[in-house]
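To start, the structure under review is shown below, and the notes come after it.
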Amino acid sequence: MSTLSAEDRRRLRRYEHAVDRMTPIQRAIFLGHVVHDLTYRELAERHDISLIEVECHMWRSLGVLGDEPKQRNRLWWQFWRR
């Protein structure tokens with residue numbers, strides 16, 4: 001049995017969806033740093049890119065995560081609103 005509340009499960013699904021929307025390299029950099037605790041230098045060596053590129057991919061992945069909670073399941077009629 002899950003100890004997460006219904007709201008926590010919805011929030012977790014939204015963040016999982018955000019990770020799915022990342023590009024493959026953004027996802028690899030983000031998960032490598034957050035989940036596998038790799039440094040930016042280790043990620044740069046692993047993916048054969050510069051440290052600056054690692055930082056850019058990390059910032060973009062955080063941007064995707066930051067946008068996700070704002071995206072709610074809207075009712076059909078709300079799609080015509082601006």
Side-chain angles (χ1 to χ4, degrees):
M1 179 177 239
S2 176
T3 59
L4 295 176
S5 69
E7 179 58 32
D8 288 339
R9 285 192 302 273
R10 281 191 292 273
R11 185 178 302 120
L12 181 60
R13 279 194 299 274
R14 284 194 306 263
Y15 282 113
E16 287 173 342
H17 178 67
V19 171
D20 289 342
R21 287 185 334 164
M22 292 177 189
T23 64
I25 188 69
Q26 288 172 349
R27 188 179 313 114
I29 297 295
F30 176 77
L31 294 176
H33 185 65
V34 174
V35 175
H36 301 292
D37 203 29
L38 297 173
T39 65
Y40 282 9
R41 185 172 305 284
E42 290 170 329
L43 289 165
E45 291 170 1
R46 181 172 287 192
H47 295 283
D48 196 29
I49 58 177
S50 70
L51 284 172
I52 301 291
E53 288 175 295
V54 171
E55 290 175 356
C56 287
H57 289 304
M58 190 65 184
W59 277 107
R60 287 184 182 128
S61 66
L62 292 175
V64 172
L65 284 177
D67 289 342
E68 188 60 31
K70 297 173 191 167
Q71 295 180 4
R72 296 199 174 119
N73 292 333
R74 298 186 296 174
L75 298 174
W76 66 268
W77 53 269
Q78 291 176 321
F79 285 98
W80 285 277
R81 286 178 151 188
R82 290 187 186 224

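Reckoned from all heavy atoms, side chains included, excluding hydrogens, waters and symmetry mates. Sequence positions, counted from 1, serve as the residue numbers for this chain.
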Could you state the interatomic distance from [atom1] ([X]) to [atom2] ([Y]), rounded to the nearest 0.5 Å?
X     : Y     : atom1 : atom2 : value
Thr23 : His57 : OG1   : NE2   : 6.5 Å
Ile25 : Cys56 : CD1   : SG    : 12.0 Å
Arg10 : Ser5  : CZ    : OG    : 7.5 Å
Ile52 : Glu55 : CD1   : CD    : 5.0 Å

Between the side chain of [X] and the main-chain N/O of [Y], is any donor-acceptor distance below 3.5 Å?
X     : Y     : answer
Glu45 : Glu42 : no
His33 : Leu38 : yes
Arg27 : Val19 : yes

Quick one: closest heavy-atom pair of [X] and [Y], and the distance?
X     : Y     : answer
Leu62 : Phe30 : CD2-CE1, 4.0 Å
Leu65 : Ala18 : CD2-CB, 3.8 Å
Arg60 : Gln26 : CB-NE2, 3.1 Å
Glu7  : Arg14 : OE2-NH2, 3.8 Å
Ser61 : Met22 : O-CE, 3.4 Å

Around Asp48, counting heavy atoms of other residues, nucleotides and ligands shown, do more than 12 lie under 6.0 Å from its CG? no

Val64 vs His17, test: side chain to side chain contact (heavy atoms under 4.5 Å, CB included). Steps then yes/no. CA-CA 10 Å; Val64 172; His17 178 67; over 6 Å; no

Joint hydrophobic cluster, Val35 plus Leu43, side-chain heavy atoms closer than 4.5 Å: yes

